[in-house]
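See below for the structure under consideration.
Just so it is clear, the values below take in all heavy atoms, side chains as well, and ignore hydrogens, waters and symmetry mates. Proteins get letters first, then strands, A, B, ... in listed order; numbering begins at 1 in each. As the structure is a computational prediction, the values presented were derived from the model and not from experiment.
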Amino acid sequence: MLGVKAGELDKMALLYKRHSSALYGFAYHQTGEQSGSEDIVQAVFYRMLKYRASFTGQGEFKSWMYHIARNCIHDKYKKSQRYQFLDDMVKVSDAETNHSFVNESEKQDSKNLVNFALGKMDAEAREILVLSKYQDLPYKEIANILEITEANVKVKVHRAIKQLKEIYLKLENGTARF
Amino acid sequence: MEQQDFNQQVTETMLIDYLNGRLGQTERLKLENLIQNNHEIGQQFAETKALWQAMSQIQIPAPTKKMDADFFEMLHEFKTASETKISNSFWSQLKNLTSHWFDSKLAFGMTILVLGCLLGYSISGVVNMGNNFASGSKVERLSEEVQGMKELMMLAMLQNPQATERMKAVNYTAEMTDVDSKVLNALFSTFQFDPNDNVRIVALNALVKWADKPQVRQVLLTALMEEKSPLVQVALADAMIKLQERKSIQPLQEKLNDKELNIYVKDKFENTIELLSI
């Protein structure tokens with residue numbers, strides 16, 4: 001990235017090859033939209049080019065990149081239902097008439113049930129789980145991205161798993177309506 | 001009971017670390033022992049493991065080829081636009097040069113020396129012109145050159161790793177009579193992305209000076225919703241009061257519903273809403 005900052009813009013192609021898949025996964029796991037996630041990847045790389053001067057090289061490149069990615073997702077989906085906090089499953093099910101993650105028949109499968117439960121989590125909890133589980137980032141790096149302490153990350157991961165379990169069990173037991 | 005809750009939390013975190021393969025050997029053995037001998041923990045582990053494995057099996061559709069095509073098209077367009085800008089601007093070339101060399105203090109000193117010589121030469125040239133000095137166009141050109149140098153210094157210093165230098169860079173804008181899009185974008189970028197909160201606050205205060213530009217107000221209003229740092233949130237609230245920006249009332253009210261909003265920031269936002277509503 002320091003090369004890009006120094007004017008070697010072609011080097012951004014290397015960064016794209018290295019990180020675009022991970023960024024796409026990061027966006028997809030949070031939005032459930034293929035086309036929207038591709039747009040986010042595009043927006044992240046555009047912003048990295050545009051604001052390359054703000055990369056100091058002091059911190060991790062990945063943290064800076066995910067920081068921008070979070071802003072892009074937030075900008076694109078701030079008005080979306082997927083970004084509303086969910087107080088309880090009844091409220092969720094009432095609001096959820098157009099969820100596109102899985103269809104009715106797919107809910108039988110535990111894998112898809114987990115996928116569905118992930119979609120029902122509040123945005124913040126889902127994000128930290130995606131960073132930890134799917135992006136496989138260490139707590140320290142997640143702490144840098146979210147600008148919180150490492151201990152706080154651990155607590156939030158713990159709470160996120162707990163929330164996912166609760167939603168999953170409610171879905172499995174059929175106590176939540178769709 | 002409290003101690004039990006604490007243990008429960010530690011163990012759950014450890015379970016996740018265990019499943020991620022991030023536990024050291026000693027902790028791993030301790031945990032395996034606990035899983036075998038404690039029925040409750042064993043059950044908890046089985047549930048977490050099942051969930052973790054199900055999460056691993058979730059597959060997402062691969063990105064289409066359009067994503068790659070769009071990226072390379074965007075990169076090409078960006079490069080073309082940058083090259084055009086560079087070839088059109090002597091100052092941009094100089095800026096690019098200094099950004100390459102900026103890490104070297106010697107090179108930075110030399111850059112300053114060259115700039116000083118240029119400025120001295122320009123001034124002596126103007127003095128030698130004697131009566132022609134009164135010529136409005138010459139004065140204007142000199143003034144533009146000085147402004148250009150200030151901009152150049154500011155943009156170069158913003159890349160300095162030391163926060164104090166970046167603050168100085170931002171403060172250069174206080175001496176400017178007007179700012180162009182380059183300077184504004186640099187201020188926006190510093191305000192939004194600088195890793196140091198103090199630098200961001202200085203950039204925010206500098207932006208307030210240019211609040212007559214609609215894009216500045218827009219960036220500040222958007223930041224109200226997105227900002228996470230309590231220090232910057234408070235500075236933003238102060239800026240809204242200073243600007244008497246009534247459009248900020250709605251985003252401020254929305255932020256009050258944010259459960260994670262710092263209690264002091266919440267008070268500050270409530271006061272701000274009150275002051276702006278008068």
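- At a threshold of 4.5 Å between non-hydrogen side-chain atoms, the residues B:Arg28 and B:Tyr18 count as touching.
- Defined by atom type and a distance below 3.5 Å, a donor-acceptor pair is present between the side-chain atoms of A:Asp122 and A:Gln163.
- For the set B:Ala186, B:Pro195, B:Ser229, B:Ser189, the entry with the most heavy-atom pairs within less than 4.5 Å of chain A is B:Ser189.
- Judged by distance alone, the side chain of B:Asp194 and the main-chain N or O of B:Asp197 form no donor-acceptor pair under 3.5 Å.
- Proximity to chain B is limited to the side chain of A:Gln34, based on heavy atoms less than 4.5 angstrom apart.
- Here the side chain of B:Arg22 pairs no donor or acceptor atom with the backbone of B:Asp17 at under 3.5 angstrom.
- Contacts with chain A (heavy atom to heavy atom, under 4.5 Å) involve these residues of residues 55-65 of chain B, listed by number: B:Met55, B:Ser56, B:Gln57, B:Ile58, B:Ile60, B:Pro61, B:Ala62, B:Pro63, B:Thr64.
- Looking at A:Lys162 and A:His158, their side chains come closer than 4.5 Å, going by heavy atoms from C-beta outward.
- Highest contact tally toward chain A, considering only B:Phe72, B:Phe71, B:Phe193, B:Phe188, is held by B:Phe71 [criterion: heavy-atom pairs under 4.5 Å].
- A search for side chain to side chain donor-acceptor pair (under 3.5 Å) contacts involving B:Glu47 returns nothing, not counting sequence neighbours.
- For the set A:Asn71, A:Val157, A:Leu164, A:Val41, the count of heavy-atom pairs under 4.5 angstrom toward chain B peaks at A:Leu164.
- Remark: B:Gln162 pairs with no residue by the side chain to side chain donor-acceptor pair (under 3.5 Å) rule, at least two apart or across chains.
- Residue-level contacts of residues 132-139 of chain A with chain B, in order of numbering, are A:Ser132, A:Lys133, A:Tyr134, A:Asp136, A:Leu137, A:Pro138, A:Tyr139; threshold 4.5 Å between heavy atoms.
- Smallest separation of non-hydrogen atoms from B:Val170 and B:Ala206: CG1-CB, 3.6 Å.
- Counting only heavy atoms from C-beta outward, the side chains of B:Gln44 and A:Lys165 approach each other to under 4.5 Å.
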Margin query: Please determine whether side chain to side chain donor-acceptor pair (under 3.5 Å) holds for the pair B:Asn185 and A:Tyr51, giving the CA-CA distance in whole Å, both sets of side-chain angles, and the decisive distance to 0.1 Å.
Written below: CA-CA 9 Å; B:Asn185 284 337; A:Tyr51 302 113; 5.9 Å; no
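- No side-chain heavy atom of A:Leu146 sits less than 4.5 Å from a side-chain heavy atom of A:Tyr66.
- The shortest side-chain heavy-atom distance between B:Met74 and A:Leu49 falls under the 4.5 Å cut-off.
- Both the backbone and the side chain of A:Phe45 come within less than 4.5 Å of a heavy atom of chain B.
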